Amino acid sequence: MNKLITKVVIVGGGTAGWMTAAMLAKTMGTQAYDITLIESEQIGTVGVGEATIPPIQMFNSVLELDEDEFIRETNATFKLGIRFNSWFMPGSSYFHPFGFMGQDMDGIGFPHFWMRFARLSGNFDFGRFNVETMAASDNRFGRTPPADGREKYSINYAFQFDAALYAAYLGKYAQKRGVKRVEGMVVAVDQDAESGFVTGVRLKEGPTIAGDLFIDCSGFRGLLIEETLKAGYENWSEWLPCDRAAAVPCDRTPGPLTPYTTSTAQEAGWQWRIPLQHRTGNGYVFCSDFISEDAACENLLGRLDGAAQKDPKVLRFTTGHRRKIWDKNVIAVGLASGFLEPLESTSIHLTQSVITKLIGMFPKFGVHQSVIDQFNRDILADYVNVKDFLIAHYKVTGREDTPFWKRCKYMDIPDSLKHRLEIFKTTGHIHVQPHELLKEASWFAVLVGQGLFPDNYHPLADTISEDALRQRLARIRTGITDRVNGLPAHDAFVGRIGALRAAG
């Protein structure tokens with residue numbers, strides 16, 4: 001295949017399909033490119049993940065979405081991080097915030113100074129030195145100017161939204177810009193007899209849709225990437241054993257609208273709570289080797305803080321990724337490319353990452369193997385980084401009170417993660433590569449939050465006196481307190497946007 005690429009066919013809608021369509025329409029345009037999205041109303045979407053991480057702001061910004069309109073259209077709330085309950089031990093709690101701890105000083109990261117201070121003071125609450133953590137604890141939120149030389153405490157945030165509404169919102173956006181939507185169910189795929197490239201998809205009731213480049217957004221099925229091209233699947237359930245998720249929305253209850261997602265460790269996995277304007281999203285991610293689907297659903301329903309709006313829906317999955325996310329002229333996006341449980345709200349981000357890299361490496365004449373190989377290496381690196389981070393949540397724990405947690409605590413882990421944990425334990429240093437999504441602050445919050453405290457810290461943290469150390473940290477605390485006290489309540493901020501709706 002060595003022809004001008006002009007026809008792009010997206011198979012599947014949902015969040016992945018319409019994110020792809022919207023970004024292609026915005027960046028590539030629909031004058032030089034014919035962009036068609038095929039979806040069937042008979043095929044439901046998964047939509048288990050409704051929480052995001054800060055890079056979603058960049059995606060929305062490239063699309064030039066009005067953030068207030070986006071909040072209204074998707075029933076969104078703001079998110080400052082994730083509260084983890086009972087992950088270290090039953091009853092324990094820590095917060096994984098967006099943003100940084102304190103301020104770097106004297107050429108080294110703030111956590112090294114904090115580790116010295118924690119030993120001196122006996123206070124191991126690192127959240128006091130992070131503005132997002134303190135704002136979340138008071139249920140406050142506000143937009144702030146970017147940090148500059150004078151103000152170091154800008155608020156970093158993401159969103160919690162209804163994924164189905166986000167897909168619909170982007171669907172209107174994309175179609176307004178010229179993307180063609182075709183209703184129909186794909187029943188056959190045509191391929192070039194010599195190259196194996198996909199040439200078109202046949203609909204159950206309708207024409208064959210021909211194309212030059214195909215985007216597979218067909219979900220776990222992987223209609224093009226797997227059923228047609230047999231790309232293969234890398235199974236990571238050895239380290240991430242959860243293979244089910246029971247999801248159910250419930251009514252909002254009276255009380256503050258929390259600007260964070262909650263993850264609570266349970267007997268055979270963990271439970272999420274995602275507060276939206278019109279409802280609360282809930283789910284139990286669990287391992288079927290340790291609890292049945294019926295028992296998991298029963299436990300989930302018994303732990304809701306509002307009335308369930310429907311029966312739980314059980315999603316079955318295998319953690320991992322396609323061995324080839326781009327194969328021939330097919331690129332898999334969203335669940336078609338792989339699945340990592342939404343423990344750190346990375347599902348939509350991995351979709352965003354694939355779309356962004358596709359735009360950056362979009363072919364003009366033909367599809368070349370060297371480009372495909374580099375694309376797959378880049379995406380795999382993203383998956384591996386998130387995979388190791390998720391595994392650390394299960395491995396670094398004091399829990400062995402149930403068979404599930406005992407299995408996780410004593411499991412073997414990938415060498416890449418083992419090396420990272422050893423360096424942190426012995427030196428307090430977080431070994432992070434520039435291209436990695438999860439940075440030092442995220443690793444520090446999770447590892448220390450789950451009980452892994454380093455044996456040492458950087459010697460430069462000892463170069464100032466104890467009094468000077470305490471004074472510096474006191475100034476940081478004062479600056480954070482002043483910033484948080486100046487923020488409105490999260491409910492009030494969302495309400496001012498004109499989006500807050502009555503509970504229920």
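Please read these numbers as outputs of a predicted model, since none were measured by experiment.
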Measure the acute angle between the ring planes of H490 and F78, then classify it against the limits of 30° and 60° as parallel, tilted or perpendicular. perpendicular
So does D66 have more than 12 non-hydrogen atoms from other groups sitting under 6.0 Å from CG? yes
With side-chain contact (heavy atoms from CB on, under 4.5 Å) as the criterion, how do E344 and I82 come out once you've worked through the C-alpha distance, each side chain's angles and the decisive distance to 0.1 Å? CA-CA 8 Å; E344 283 284 353; I82 305 173; 3.4 Å; yes
D251 vs Q309, side-chain hydrogen bond (donor to acceptor under 3.5 Å, both in side chains): CA-CA, chis, key distance, verdict: CA-CA 7 Å; D251 293 343; Q309 295 182 345; 2.9 Å; yes
Taking atom CD as the centre, does Q433 end up with more than 12 heavy-atom neighbours from other residues, nucleotides or ligands that are less than 6.0 angstrom away? yes
Compare all side-chain heavy atoms of D216 with those of V333 and state whether any distance is below 4.5 angstrom. no
Do R252 and P275 have side-chain heavy atoms sitting under 4.5 Å apart? no
Is a side-chain N or O of R72 found less than 3.5 angstrom from the main chain of I497, in a donor-acceptor match? yes
Please evaluate residues W272 and T262 with respect to the criterion side-chain hydrogen bond (donor to acceptor under 3.5 Å, both in side chains), reporting the C-alpha separation (whole Å), side-chain torsions for both, the decisive distance (0.1 Å), and the verdict. CA-CA 6 Å; W272 78 71; T262 303; over 6 Å; no
Once rounded to the nearest 0.5 Å, what's the spacing between atom CD1 of I10 and atom OG1 of T36? 8.5 Å
Walk me through whether T52 and H349 qualify under side-chain contact (heavy atoms from CB on, under 4.5 Å). CA-CA 7 Å; T52 58; H349 176 77; over 6 Å; no
Any side-chain heavy atom of W443 sitting closer than 4.5 Å to one from L438? yes
Q191 pairs by side-chain contact (heavy atoms from CB on, under 4.5 Å) with which of T228, N329, T199? T228
Greater than 12 external heavy atoms within 6.0 Å of Y173's OH: yes
Would you say Q31 has more than 12 foreign heavy atoms packed within less than 6.0 Å of its CD? no
Hey, does the side chain of D491 reach the backbone of L257 with a donor-acceptor pair shorter than 3.5 angstrom? yes
Donor-acceptor under 3.5 Å (E39 side chain, V11 main chain): no
More than 12 non-hydrogen atoms from neighbouring residues, nucleotides or ligands closer than 6.0 Å to NZ on K439, yes or no? yes
Just by modelled atom types, is the L437 backbone N or O under 3.5 Å from a matching donor or acceptor in the N385 side chain? yes
Answer yes or no: is there a side-chain heavy-atom contact under 4.5 Å between L224 and V201? yes
Give the C-alpha distance, both sets of side-chain angles, the deciding distance and a yes or no for ring-ring contact (aromatic ring centres under 6.0 Å, His included) between W239 and Y394. CA-CA 9 Å; W239 304 298; Y394 291 102; over 10 Å; no
Using the ring centroid of each side chain, check whether F84 and H393 are separated by less than 6.0 Å. yes
Take atom NZ of K7 as the centre, draw a 6.0 Å sphere, and report whether it contains more than 12 heavy atoms from other residues, nucleotides or ligands. no
Main chain of H431, side chain of R420: is a donor-acceptor contact present, judged purely on distance under 3.5 Å? yes
Min side-chain heavy-atom separation F286-Q266 under 4.5 Å: no
Residues S40 and K204: side-chain donor-acceptor under 3.5 angstrom: no
Does I53 offer a backbone N or O that forms a donor-acceptor pair with the side chain of S345 under 3.5 Å? no
For S154 versus T144, what's the shortest heavy-atom pair and its separation? CA-OG1, 3.2 Å
Which value, rounded to the nearest 0.5 Å, describes the distance between I355 atom CD1 and T20 atom OG1? 3.5 Å
In Å and rounded to the nearest 0.5 Å, what is the SG to CD1 distance from C297 to I291? 9.0 Å
Sole candidate of Y233, W236, F339 that passes side-chain contact (heavy atoms from CB on, under 4.5 Å) when paired with T318: Y233
For E41, does its backbone N or O pair with a side-chain atom of E183 as donor and acceptor, under 3.5 Å? yes
Hey, are T264 and W270 close enough side-chain-wise for a donor-acceptor pair under 3.5 Å? no
When you check the gap from the basic side-chain N to the acidic O, do E226 and K324 get nearer than 4.0 Å? no
Check for a donor-acceptor pair, side chain of N75 on one end and backbone N or O of Q277 on the other, with a separation under 3.5 Å. no
Does some side-chain heavy atom of T6 sit less than 4.5 Å from a side-chain heavy atom of D34? no
Under a 3.5 Å cutoff, is there a donor and acceptor pairing between the side chains of E69 and Y169? yes
Decide, yes or no, whether a salt bridge links D212 with K3 under the criterion of side-chain N to carboxylate O below 4.0 Å. yes
Taking all non-hydrogen atoms of both residues, which atom of A21 and which atom of L37 are closest, and how far apart? CB-CD1, 4.1 Å
Gap between atom OG of S137 and atom CE of M134 - 0.5 Å precision: 4.5 Å
Hey, do the aromatic rings of Y166 and F70 have their centres closer than 6.0 Å? yes
For the pair E298 (side chain) and D294 (backbone), establish whether a donor and an acceptor sit closer than 3.5 Å, ignoring hydrogens and angles. no
Between N156 (side chain) and E132 (backbone), is there a donor-acceptor pair under 3.5 Å? no
Carefully, step by step, assess Q160 and L276 under the rule side-chain contact (heavy atoms from CB on, under 4.5 Å). CA-CA 6 Å; Q160 300 162 139; L276 308 181; 4.0 Å; yes
For T133, side chain to side chain contact (heavy atoms under 4.5 Å, CB included) partners two or more places apart: F95, P97, N130
Check: T77 and F159 side chains under 4.5 Å, non-hydrogen atoms: no
Thinking salt bridges, do R322 and D327 make one under a 4.0 Å N-O criterion? no
How long is the span from the CD1 atom in I331 to the CD1 atom in I225, to the nearest 0.5 Å? 8.0 Å
For the residue pair Y157 and F98, is the inter-centroid distance of their aromatic rings smaller than 6.0 Å? no
Please round to the nearest 0.5 Å and tell me the distance separating atom CH2 of W326 and atom CD of Q369. 10.0 Å
Please step through side-chain contact (heavy atoms from CB on, under 4.5 Å) for the pair V186 and L223, ending with a clear verdict. CA-CA 9 Å; V186 175; L223 173 63; 3.6 Å; yes
L63 side chain reached by M23 side chain, heavy atoms, under 4.5 Å: yes
Would you mind listing every salt bridge (Lys or Arg N to Asp or Glu O under 4.0 Å) that reaches into residues 232-248, with sequence neighbours excluded? E234-R323, R244-E293
Enumerate the residue pairs fulfilling salt bridge (Lys or Arg N to Asp or Glu O under 4.0 Å) with a member in residues 365-390, sequence neighbours excluded, ordered by first and then second residue. K357-D382
Assign the ring pair F362 / Y33 to parallel, tilted or perpendicular, where the plane angle (0 to 90°) is split at 30° and 60°. perpendicular
Over all heavy atoms of both residues, which pair between A167 and T15 is shortest? Give the atoms and the distance, please. CB-N, 3.8 Å
